[in-house]
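Side chains are part of it too, since the values below use all heavy atoms of this structure and drop only hydrogens, waters and symmetry mates. Numbered from 1 within each chain, the chains take letters A, B, ... in sequence-line order.
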There are 2 protein chains.
Amino acid sequence: MSVQERKERERAGRERLIVATARELAEQQGWDAVTTRRLAERIEYSQPVLYSHFRGKREIIGAVALGGATEMAAALRAATSAADGPRARVTALARTYLDFAERNPAVYDAMFQLDGGLAFAQEDTPEPLKDAFAALWETLGEVAGDGVHPGLFTETFWAALHGLATLTRAGRLPPGDAERRVELLVGRLAVL
Amino acid sequence: MSVQERKERERAGRERLIVATARELAEQQGWDAVTTRRLAERIEYSQPVLYSHFRGKREIIGAVALGGATEMAAALRAATSAADGPRARVTALARTYLDFAERNPAVYDAMFQLDGGLAFAQEDTPEPLKDAFAALWETLGEVAGDGVHPGLFTETFWAALHGLATLTRAGRLPPGDAERRVELLVGRLAVL
DNA sequence: CTCGCTTGTCTAGCGGTGCTAGGATCGACT
DNA sequence: AGTCGATCCTAGCACCGCTAGACAAGCGAG
């Protein structure tokens, strides 16, 4: 059995390598530059090897998205648990979210802009995505205000953050006033 | 000179045909299906003709986006001018915006998701885009509240709408509660 | 009315994409 | 040590955006 286990390990390692390389390449040169040929060359295997791990490019994007979701959830929890009081927590959450989107644009795209073939807001939604949403809920749920469903509030607040993140990065909003927009959002939306 | 004028008219007409066909095809089958070959076939010309009107595919997307911006600005103004009082105006604005995004997903993508080679939030931003933003400002500026710059408020509110529009359409948010999210957003963000 | 020329259009092709069939090779078990 | 199965690569498909160069149509001049 040891042989099979070793092969299993090698296979898993190579899968991680593919995902990590795809992410790296996407962050460096954008998702357009992530072609199956370039990716194969970087991992020093031929193209068909990619297809023995993933159904296609979209599944690779999906895998990057899942990793990003796990990472984002951790970052959000770290930021909010270090803050005192609801207001500080919500502000920290918002800042961390936007910061993550800005620092990892390719990963953020994989999660929310590109088609990674992932299910959302459904039963079969992968755990990392549910957990990232849960991380938002944990902090936002306590400032939803009376009579407002915390889930609905979380969705709405999240959508606002997502809008800020994407429009800012796409050059649709002037980048300078980002912080003031965050303060406005937190001050108005959250019931403190 | 009449000959030249006629050619000019024909040329302009064909350009409109290209843009309209691209939009139609994108709405029917998604932007992925809008290839230069298919587009050329639909307008009953060969591919190179497209390139005598536009630098490339991205410019065609940009042209669709500009048309969409004009249309959206008109829709927003029509909706807000028919409403009485700030609250009704803001609600009508939000609903109309989201409705436009939902009914014209391909055009909305051309405007805000895809790269149409357009400048935003800059001096050389095309007039239709500036005007669409102005349409938002006209209604949102009056509910920014004291001490908040109306432009900043408009940007923030717009970002929230954009987030709702994109996340809903991408299946990231459950579609049923759209109306309640709008009410929450309007009730909290706008100072009435 | 005919001729030369400009203007416009098409055919054909380049380098690239995601993806796959089928053959070669390598390594594990008997 | 030899067989046989898993694993990987070469080669190729159909399609993409885009363009060079051949070709024809329609104009103005004589």
Side-chain angles (χ1 to χ4, degrees), chain A residues 1-19 21-23 25-26 28-65 106 109-110 114-118, chain B residues 1-19 21-23 25-26 28-65 106 109-110 114-118:
Chain A
M1 282 298 144
S2 172
V3 169
Q4 218 165 6
E5 284 175 10
R6 194 204 68 214
K7 290 202 175 179
E8 199 73 27
R9 271 202 315 277
E10 287 175 355
R11 200 181 152 73
R14 198 171 54 184
E15 188 155 318
R16 279 196 305 274
L17 177 63
I18 293 173
V19 176
T21 305
R23 172 173 175 166
L25 192 51
Q28 283 173 359
Q29 309 182 37
W31 277 107
D32 279 353
V34 183
T35 69
T36 55
R37 280 172 234 275
R38 250 193 288 262
L39 188 51
E41 194 191 4
R42 282 228 184 176
I43 65 168
E44 295 179 316
Y45 282 96
S46 68
Q47 279 178 284
V49 168
L50 299 175
Y51 292 86
S52 73
H53 288 271
F54 301 96
R55 265 177 212 282
K57 191 181 173 181
R58 86 163 20 187
E59 260 195 18
I60 298 177
I61 296 174
V64 171
D109 280 348
L114 302 175
D115 179 13
L118 302 175
Chain B
M1 281 299 145
S2 172
V3 169
Q4 220 165 3
E5 283 175 12
R6 194 203 68 213
K7 292 201 173 181
E8 200 72 27
R9 272 202 315 276
E10 287 175 356
R11 201 181 152 73
R14 198 171 52 184
E15 189 155 318
R16 280 196 304 274
L17 176 63
I18 293 173
V19 176
T21 306
R23 174 173 174 166
L25 191 51
Q28 283 173 0
Q29 309 183 36
W31 277 106
D32 279 352
V34 183
T35 69
T36 54
R37 279 170 235 274
R38 250 192 288 261
L39 188 50
E41 195 191 3
R42 282 229 183 176
I43 64 169
E44 295 180 315
Y45 281 96
S46 68
Q47 278 179 284
V49 168
L50 300 175
Y51 292 86
S52 73
H53 287 272
F54 302 95
R55 266 178 211 281
K57 191 182 172 180
R58 92 168 11 192
E59 259 195 19
I60 297 177
I61 295 174
V64 171
D109 280 348
L114 302 174
D115 179 13
L118 302 175

Just how far, in rounded Å, is [atom2] of [N] from [atom1] of [X]?
{"X": "B:F54", "N": "D:dT19", "atom1": "CZ", "atom2": "C1'", "result": "18 Å"}
{"X": "A:H53", "N": "D:dC8", "atom1": "NE2", "atom2": "P", "result": "7 Å"}
{"X": "A:W31", "N": "C:dT17", "atom1": "CH2", "atom2": "P", "result": "15 Å"}
{"X": "B:Y45", "N": "D:dC18", "atom1": "OH", "atom2": "P", "result": "21 Å"}
{"X": "B:I61", "N": "D:dC18", "atom1": "CD1", "atom2": "P", "result": "9 Å"}
{"X": "A:L50", "N": "D:dT7", "atom1": "CG", "atom2": "P", "result": "16 Å"}
{"X": "B:E10", "N": "D:dA25", "atom1": "CD", "atom2": "C1'", "result": "13 Å"}

Does a side-chain N or O from A:R38 land closer than 4.0 Å to OP1 or OP2 of C:dT17, or not? yes

Quick check on D:dC8: is either OP1 or OP2 less than 4.0 Å from any side-chain nitrogen or oxygen of A:R14? yes

Summarise how protein sits on nucleotides 18-26 of chain C as a single string, 5' to 3': B when a protein heavy atom is under 4.0 Å from the base, S for sugar-phosphate-only contact, - for no contact. BBBB-----

Sequence neighbours left out, what pairs pass salt bridge (Lys or Arg N to Asp or Glu O under 4.0 Å) with at least one residue falling in residues 49-64 of chain A? A:R55-A:E59, A:R58-A:D115

Option among B:R16, B:E41, B:R38, B:R42 that satisfies the side-chain contact (heavy atoms from CB on, under 4.5 Å) test with B:T21: B:R42

Any side-chain heavy-atom pair from B:V34 and B:I61 closer than 4.5 angstrom? no

Sub-4.5 Å side-chain heavy-atom contact between B:Y51 and B:T36: yes

With a 6.0 Å cut-off (strictly less than), is the heavy-atom count around CD of A:Q28, excluding the residue itself, greater than 12? yes

B:E10 atom CD: more than 12 heavy-atom contacts under 6.0 Å: yes

